[in-house]
Amino acid sequence: MDNPAIARILREIADLLEVKSENPFKIRAYRNGADVVANHPHGLSALDAAGLREIPGIGKDLAARIREIADSGDAEYHRELVAELPPTVLDLLHLPGVGPKTVGTLYRELGIRSIEDLDAAVTEGRIRALRGTGVKKEGQILKALTERKRHAGRHLLAETHETATALVAYLRERSPATGIEPVGSLRRGCETCGDIDILACGGDQTLVDAFLDYGAVERVLAHGDTRSSVLLGGGYQAGLRLVAPESRGAAMQYFTGATPHNIALGDRAVGLGFTLNEHGLHRLEDHAVVAGADEEGIYETLGLAWVPPELREGRGEIEAAAARSLPRLVERQDLRGDLHTHTTVTDGKDDIAAMAESAREAGLEYIAITDHSKALAMANGLDERRALAHAQQVRSRDAEHGVRLLAGIECDIRLDGALDLADDCLAALDLVVASVHSGFGQDRQQMTERLLRAIENPFVDILGHPTGRRLLKREPYAFDVEAVIEAAARHHVALEINCQVDRLDLNDVDARLARDRGVLLVISTDAHSRHAFGRLRWGVVTARRAWLRPEDVLNTRPFDEMRSSLRRRRP
DNA sequence: GCCGTTTTCGGCCCGACTGTTTTCAGTCG
């Protein structure tokens with residue numbers, strides 16, 4: 001058993017205990033234990049109970065459970081809980097507005113064990129009859145169920161990548177001579193992905209057999225000579241397609257481009273006397289193959305520069321490729337810093353030193369420590385006094401770990417758009433990220449005015465996760481995106497592309513619009529632990545999909561240049 | 001359930017909002 005698998009069971013124990021309304025601190029202990037296990041750098045199944053107990057957050061009981069899971073694949077305690085409460089009820093927890101108490105009530109009172117049960121109960125009007133729920137709650141649940149159906153079968157980019165990478169590594173090991181590449185939405189870096197599409201160039205039936213034989217396969221959906229697809233654990237659908245080597249580029253192109261891109265490319269081919277399909281680019285008059293072995297050849301023959309996969313959405317990239325004016329897209333290596341991170345002083349898992357050290361290892365030159373402000377009480381948010389004391393701590397460690405530090409804050413934007421900390425406190429800090437963490441239900445006008453007021457505050461440097469969305473979970477709050485972008489441009493406030501894998505907020509479309517209107521973007525991790533710097537890559541992918549160049553992104557700049565552009569608004 | 005101890009028990013992450021109440025329970029961040 002690897003760490004993530006052990007962590008999953010611990011987390012499920014925590015969720016089940018929560019539905020049972022057990023001691024909240026016990027629940028937290030399991031949840032924390034799961035985090036510790038998931039983030040531990042070494043495989044924990046190699047440790048004995050005594051070794052496990054030396055890890056902070058793991059005590060006598062958790063050490064025993066981890067040992068048991070590592071040895072047998074499960075824990076008796078977990079099995080007992082599952083016998084009491086079907087684990088499918090935990091799916092209900094993911095619905096916004098439905099928490100552990102509601103799940104417990106739904107199960108006990110109405111015997112609801114799954115999303116499907118809940119759907120039926122809502123339709124039959126049985127929910128509103130429950131004590132403590134009424135018409136509004138019913139409407140909320142109905143909306144959540146509808147949203148969920150819309151998201152069915154989709155997965156976060158980062159998680160899809162992880163699943164696909166494991167599968168591709170397995171296939172490459174089985175068939176080292178075959179070119180095996182993921183294509184489709186994953187290659188384009190879409191924020192969520194449906195299927196995992198994999199091309200195998202030069203592979204044969206033994207590779208297909210290996211694919212069908214892959215450990216995570218739950219069901220074979222189709223099995224043909226050149227194309228097979230399976231359902232993987234976790235609800236992923238994966239397809240493998242065998243391609244002749246001479247068609248590799250054509251297939252890569254065909255199965256990567258979004259439909260509008262492929263249509264535009266096909267039209268262009270016809271206009272130039274060719275036809276384009278997954279096998280190659282052919283001359284119309286005699287069907288001779290003119291390109292197909294590599295993507296560059298296809299684009300070049302069509303008079304186009306090679307188009308980076310992230311841009312193949314049919315959003316003007318063909319025209320730009322024809323005019324040789326595709327942007328030099330930002331890359332991970334261009335990033336010199338991270339302007340949104342947390343520490344143990346609020347709800348982070350690691351202290352200033354550990355964060356700085358990890359940032360250096362990730363190749364960063366600077367980071368801003370931006371812990372929460374007091375409105376986020378649950379995160380132990382900082383009031384003015386603590387914020388200033390923390391800033392002093394941060395500054396005292398500046399450059400100590402080979403990384404420059406900025407003493408910042410992630411300051412809550414209150415319901416009326418006022419900032420959570422006094423101006424003189426904000427003025428004493430190096431960097432202010434302003435974010436919404438409450439009152440998501442405000443109407444469009446209220447929320448727009450709220451954000452505009454925050455942007456007008458002269459101490460605000462960056463608007464954090466500007467739309468508040470959680471991918472596959474929560475829609476963005478209602479507000480006038482264009483008005484906020486215009487205001488950000490006017491007041492020189494940068495907009496964040498938050499790298500949390502379920503945020504990627506701003507998204508590609510809005511970030512591109514912002515750049516076009518003269519707004520600077522920032523790619524930040526919003527790290528709550530030292531392990532989070534790796535997810536910068538997902539922010540970079542989003543930025544690339546937004547056509548951003550290095551100069552459009554604030555944190556590609558050297559430290560001094562970045563700093564001087566921050567402070568220009570201050571009175 | 002973990003931790004720390006002044007060691008075997010008490011503290012641990014709180015406050016606002018929403019919807020359902022009509023004095024509060026549940027959810028969220």
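Chain identifiers are assigned alphabetically (A, B, ...) following the order of the sequence lines, protein sequences preceding nucleic acid strands; residue numbering begins at 1 within each chain.
The distance from atom CD1 of I13(A) to atom CD of E80(A), rounded to the nearest 0.5 Å, is 10.0 Å. In this structure, CG on D117(A) lies 7.5 Å from OG1 on T88(A), to the nearest 0.5 angstrom. Rounded to the nearest 0.5 angstrom, R395(A) CZ and L405(A) CG are separated by 11.0 Å.
Nucleotides dT22(B) and dG10(B), compared at atom C1', are 36 Å apart to the nearest Å. Atom name C1', nucleotides dT7(B) and dC2(B): the rounded distance is 15 Å, in whole Å. As rounded to the nearest Å, dC3(B) and dC13(B) have P atoms that lie 13 Å from one another. Of the P atoms belonging to dT20(B) and dT27(B), the separation is 13 Å, rounded to the nearest Å. For the C1' atom pair drawn from dG1(B) and dT6(B), the interatomic distance equals 23 Å after rounding to whole Å. Comparing dC12(B) with dT18(B), their P atoms sit 29 Å apart, to the nearest whole Å. Distance check on atom P: dA16(B) versus dT21(B) gives 24 Å, rounded to whole Å. Taking the P atoms as reference points, dT5(B) lies 16 Å from dG11(B), given to the whole Å.
For the pair K473(A) NZ and dC28(B) C1', the interatomic distance rounds to 13 Å; values are reported in whole Å. Between L95(A) atom CG and dG26(B) atom P there is a gap of 18 Å when expressed in whole angstrom units. Separating the CG atom of N380(A) from the P atom of dG15(B) is a distance of 11 Å, rounded to the nearest angstrom. Atom NZ in K60(A) sits roughly 22 Å away from atom P in dT7(B) (whole-Å rounding). Rounded to an integer number of Å, the gap from R470(A) CZ to dT27(B) C1' is 15 Å. Taking atom NZ on K137(A) and atom C1' on dA25(B), their separation rounds to 10 Å, with Å as the unit. One interatomic measurement links the two molecules: CZ of R65(A) to C1' of dC2(B), which rounds to 14 Å at whole-angstrom precision. For the pair K26(A) NZ and dC12(B) C1', the interatomic distance rounds to 16 Å; values are reported in whole Å.
Two residues, V135(A) and V98(A), neighbour DNA chain B, and the one matched to the more 5' nucleotide by heavy-atom proximity is V135(A). Nearer the 5' end of DNA chain B, as judged by each residue's closest nucleotide, is the contact made by L415(A), out of L415(A) and P100(A).
For the pair R65(A) and Y77(A), the distance from NZ or CZ to the six-membered ring centre is under 6.0 Å and the angle to the ring normal is within 45 degrees.
Listed by residue number, K101(A), T102(A) are the residues of residues 101-113 of chain A with a heavy-atom contact under 4.0 Å to DNA chain B.
Within the nucleic acid shown, P56(A) comes within 4.0 Å of sugar-phosphate atoms alone, with no base atom in reach, counting heavy atoms only. Looking at heavy-atom distances under 4.0 Å, I58(A) makes contact with sugar-phosphate atoms alone, never a base.
With no hydrogens or angles considered, no side-chain donor-acceptor pair links K349(A) and T344(A) at under 3.5 Å. Q445(A) and D443(A) share no side-chain donor-acceptor pair at under 3.5 Å. Judged by distance alone, the side chains of T346(A) and N380(A) never bring a donor and an acceptor atom under 3.5 Å apart.
For N23(A), the side-chain atoms get nearest to dG1(B) when compared with the rest of dG15(B), dT20(B), dG1(B). Side-chain proximity of P96(A) to the nucleotides dG19(B), dG1(B), dC28(B) is greatest for dC28(B).
For dT8(B), there is no paired nucleotide, since no Watson-Crick or G-U wobble pair has both relevant distances below 3.5 Å.
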Donor-acceptor pairs under 3.5 Å, side chain of residues 409-419 of chain A to any protein atom, not counting sequence neighbours: which ones?
| from | atom 1 | to | atom 2 | distance (Å) |
| --- | --- | --- | --- | --- |
| E410(A) | OE1 | H340(A) | NE2 | 3.0 |
| E410(A) | OE1 | H342(A) | NE2 | 3.1 |
| E410(A) | OE1 | H372(A) | ND1 | 3.4 |
| E410(A) | OE2 | S435(A) | OG | 2.7 |
| E410(A) | OE2 | H437(A) | NE2 | 3.3 |
| E410(A) | OE2 | H465(A) | NE2 | 3.3 |
| D412(A) | OD1 | H437(A) | ND1 | 2.9 |
| R414(A) | NH1 | D420(A) | OD1 | 3.4 |
| D416(A) | OD1 | A418(A) | N | 3.0 |

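Between dC13(B) and R28(A), a contact under 4.0 Å exists linking OP1 or OP2 to a side-chain N or O.
Ion pairing between a basic and an acidic side chain is recognised when a charged N comes within 4.0 Å of a carboxylate O; E365(A) and R404(A) show no such pairing.
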